[in-house]
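Numbering of ligands and ligand atoms starts at 1, following listing order.
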Amino acid sequence: QLFAHENSETVMSEPIVLIVNGQKRTIATDVKRSLLHVLREDLGMTGTKYACGEGQCGACTVLVDDLPVRSCVTEVGEVADKEILTIEGLSENGELHPIQQAFLDEGGMQCGYCTSGMILNAVALLEHNAQPTDDEIVEWMNSHICRCNGYPKIVNSIRKAAQQPS
Ligand code: FES
């Protein structure tokens, strides 16, 4: 398959395997496209958001092999055969993930645009440090921007999730 790249070069697509939310997905694409665009446009997973497009704001964060990654600046070829977790993969058997539930309970979202990235970064935090202090939460989340300025409720949400019995 041939298609026009952003800079008008014609690029040959290559088949690659992505493991998204536990499922193997084989797609044919230019390996230099962003992971974000492949998730949204090829796989229909629009829960991951496009915001600054420069890896600065955190809205597009997903986990790759359990680590937070800015998907707008990650080439899809870099994550071939790795485990990718998006917001669509967090709930289990119809039950929200405890961090999703805590964001709902504590009003940790307003417009919601930053929320997927915030929640996935918080998942990585609690996997790394199950009982963070408020200072540790702020430090870990610091590079994520909330345009609605909902920071106190975001910290409350993550603190509440950390207090849930695992
Ligand atoms: Fe609107 Fe954070 S809830 S950007």
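- Between Val69 and Thr61 the shortest side-chain heavy-atom distance does not fall below 4.5 Å.
- Between Phe103 and Met118, the closest side-chain pair of non-hydrogen atoms falls below 4.5 Å.
- We find that Asp42 and Arg25 are not joined by a salt bridge, their nearest charged nitrogen and carboxylate oxygen being 4.0 Å or further apart.
- Using a 4.5 Å cut-off between side-chain heavy atoms of Ile, Leu, Val, Met, Phe, Trp and Tyr, with links allowed through other members, Ile16 and Val38 fall into the same hydrophobic cluster.
- Excluding water, every protein N/O/S atom under 2.8 Å from atom 1 (Fe) of ligand 1 is given here by residue and atom: Cys111 SG, Cys148 SG.
- Lys32 has a carboxylate O that lies under 4.0 Å from a charged side-chain N of Glu75, or vice versa, which qualifies the two as a salt bridge.
- Classification of Glu106 and Arg159 as a salt-bridged pair fails, no side-chain N sitting under 4.0 Å from a carboxylate O.
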